[in-house]
Amino acid sequence: MKTFADHLLTWFDLHGRHDLPWQQPATPYRVWVSEIMLQQTQVATVIPYYTRFMQSYPDIARLAAAPVDEVLHHWSGLGYYARCRNLHKTAVTVCEQYGGEFPQRFDDVVALPGIGRSTAGAILALSRGERHAILDGNVKRVLARYHAIEGWPGRTAVAAALWDKAEQHTPESRVADYTQAIMDLGATLCTRSRPRCGDCPLGTECQAYASDSQADYPGRKPKQRRPQKATVMLLALHGNAVYLERRPPSGIWGGLWSLPEVTSAAEVDDWLQTRLNVRAKTVEPWPVLRHSFSHYDLDIQPLTVRLSDVSRTVADLPGAWYPLDQPLNVGLAAPVSKLLAQLTITH
DNA sequence: AACTCGGGGAC
DNA sequence: GTCCCAGAGTT
């Protein structure tokens, strides 16, 4: 009697992905970085970031030694920036507490910041072949269909049922291949829309396929309306430089550099006076830029502000002036990058 | 249990 | 436009 894993492994040898950048070699460090980048992020999006990251930080010691701002610069545009700060924090921890060798015990791995149950399992399974289950978006979809598990996986009971199945199916041998195999199946064949069930090694053992109800699994998240928010971003110009401030570590775009914000155009003069101790020579509005997050829409009103005189600017500014003609070696929020790029063009 | 955290690919 | 992606941390 061939098991779930047997079918999957046979299929994987022929049709799985064997040439992803983090598979050669699949060291704990390289797998770890890939797993963090791949959290809620598609493979095609990650690959160029991963390649650049590995060129700059070929080992964990180099990552730990780098300034967090420089690491965030490599992450800029990838989203979920807490992942990056936790990555750097973990690199420092591993170098200081584990002598630069990634820990091998599951409890030690899952205790590291940014590494949860699934990511810890993936690291140990993929890089060391240890028997641990994973439960990412691919595995959830495959197992929800195979066992016809109803309900949204975000619900605790549904997630628990899926974890149960994930543990049960994980084989004793070839764990690394199996882990890659079930992800590959979900990514290339058991896709969210139009799954290619005719080519699936699981065949009619899949309960969803057997009842032609693939589209019902996994259950959808109950949908909610996105709130609308608005802000005003100031492109405060002093000669060839623009004024940027670092955002607080928590909250949206945490730790990134961004344009200063006010709640309305009427507050611009006030802000310039209190923060920079200057007045505006000209204020020029740009077209509103809509930036959509998964949980709200943000309408950004950019204002170009030319300053009358910056010689009296207060000494201990919370931000800094960045020359527009030089590359910015810091993390920038995506819409801020867009605005600065346009600003550079129009100059 | 619900909320927060990004940006983009696929449709 | 919607949905969701190799999820985790906070409240």
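Scope of the values below: all heavy atoms of this structure, side chains included, with no hydrogens, waters or symmetry mates. All chains are named by letter (A, B, ...) in the order of the sequence lines, taking the proteins before the strands, and each is independently numbered beginning at 1.
- Around the CD atom of A/E167, the shell of radius 6.0 Å holds more than 12 heavy atoms that belong to other residues, nucleotides or ligands.
- Using P as the reference atom, B/dC11 and C/dA6 are 13 Å apart when rounded to the nearest Å.
- Counting non-hydrogen atoms of neighbouring residues, nucleotides and ligands closer than 6.0 angstrom, the CZ atom of A/R155 reaches no more than 12 such neighbours.
- Spacing of C1' atoms, C/dC4 relative to B/dC5, comes out at 15 Å, to the nearest Å.
- Residue A/G251 is classed as a sugar-phosphate contact, given heavy-atom separations below 4.0 Å to backbone atoms only.
- The closest side-chain donor-acceptor pair between A/R290 and A/Q228 falls under 3.5 angstrom.
- Across C/dT11 and B/dG6, the matching P atoms stand 15 Å from one another, rounded to whole Å.
- Close to B/dA2, at under 4.0 Å from its OP1 or OP2, lies no side-chain N or O of A/R155.
- Along DNA chain C, the nucleotide nearest to A/R83 and the one nearest to A/R192 differ in position, and the one closer to the 5' end is contacted by A/R192.
- Position along DNA chain B of the nearest nucleotide to A/R194 versus A/S294 favours A/S294 as the more 5'-ward residue.
- Other residues, nucleotides and ligands contribute at most 12 non-hydrogen atoms within 6.0 Å of the CD atom of A/E101.
- Across the protein-nucleic acid pair, A/N86 atom CG and B/dC5 atom C1' stand 12 Å apart, rounded to whole Å.
- Put simply, the side chain of A/T41 and the base of B/dG6 share a donor and an acceptor less than 3.5 Å apart.
- Side-chain to base pairing of A/R17 with C/dA6: one donor and one acceptor N or O lie within less than 3.5 Å of each other.
- The residue A/V139 sits apart from the nucleic acid: no heavy atom pair falls under 4.0 Å.
- Map A/Y296 and A/Y49 each onto its nearest nucleotide of DNA chain B; the residue landing nearer the 5' end is A/Y296.
- Distance A/K221 NZ to B/dC3 C1': 9 Å, rounded to the nearest Å.
- Between the side chains of A/R226 and A/S292, no donor-acceptor pair of N or O atoms lies under 3.5 Å.
- A/T119 comes within 4.0 angstrom of sugar-phosphate atoms only, judged by non-hydrogen atoms across all strands, and of no base.
- Remark: the separation of the P atoms in C/dA8 and B/dG9 is 23 Å, to the nearest Å.
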